[in-house]
Amino acid sequence: LKALGFAAPSIEYKDGYLLYEYVGNMDLADLYGAQQDLLRNKDVVLRLVYLLGEAAAAAYIIGLADRSPDNLRVELKGNMPSRIYNIDFTSAFTKETGGIEEQAHILKGLINALKEINSPYTKEAKAQYIYSIVNILKELKEGRSLEKKHNEMNKKEEVFKRINNTEPML
């Protein structure tokens, strides 16, 4: 499960979560509510959507059917989402799951948050989400772990920042 970006809770964190290891700065629901200004930035939205697709693919693989902004945590580096963690794995053991379409709840939360602020990025977000799920499932099928992918993405971002002194789109 660790290769898929999952973390197992066990010690108490400042916001009441029980954590075994660090799993992000905040719930995705908190990002959608308290941090709406971040969602006005196209690069943030596209990066967030890619990471949501990644989380959806991982949840699908282990049979999580109840993904929502309340059971996903996001890690921010500055104002840019760098990782999304699935938490609360109860449904993997208690609910019968269907196909990948059940992971649409992850996208619906973001689309609702974007509509709330009249964002022009809704259509692009939907396309990026589908692309990311397909891409992640393909990479996992080829034997690449998400941990390796995150390390590669972070290295590319650092180089991009040094060259352009700006934030990358993905």
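Just so you know, residue 1 is the first one in the sequence shown, and it goes up from there.
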Which atom names give the shortest non-hydrogen contact between Y32 and I106, and what distance separates them? OH-O, 4.3 Å
Looking at A29 and D70, what are the two nearest heavy atoms and their distance? CB-OD1, 3.2 Å
Pairwise salt bridge (charged side-chain N to carboxylate O under 4.0 Å, His left out) hits with a residue in residues 105-122, at least two apart: none
Among the clusters formed by ILVMFWY side chains lying less than 4.5 Å apart, do I130 and I133 turn up in the same one? no
Which distance, rounded to the nearest 0.5 Å, do you find between the CG of L52 and the CD1 of I84? 4.0 Å
Which heavy atom in D27 sits nearest to a heavy atom in V74, and how many Å separate them? O-CG1, 4.5 Å
Taking side chain to side chain contact (heavy atoms under 4.5 Å, CB included) as the criterion, tell me which of N71, L48, L51 meets it with L28. L48
Considering all heavy atoms, the nearest E54-S132 contact: N-OG, 4.2 Å
Heavy-atom closest pair, residues G109 and P69: CA-CG, 4.1 Å
Please say whether more than 12 non-hydrogen atoms of neighbouring residues, nucleotides or ligands are located less than 6.0 Å from CG in N79. no
Does V45 belong to the same Ile/Leu/Val/Met/Phe/Trp/Tyr cluster as Y131, with side-chain heavy atoms less than 4.5 Å apart forming each link? yes
Which residues share a side-chain contact (heavy atoms from CB on, under 4.5 Å) with S119, sequence neighbours left out: L114, I117, Y121
Shortest non-hydrogen contact between P81 and V44, atoms and distance: CD-CG1, 3.8 Å
Working to the nearest 0.5 Å, report the span between CD1 of I87 and CG of L64. 11.0 Å
Residue pairs fulfilling salt bridge (charged side-chain N to carboxylate O under 4.0 Å, His left out) with at least one residue in residues 124-137, sequence neighbours excluded: K42-E124
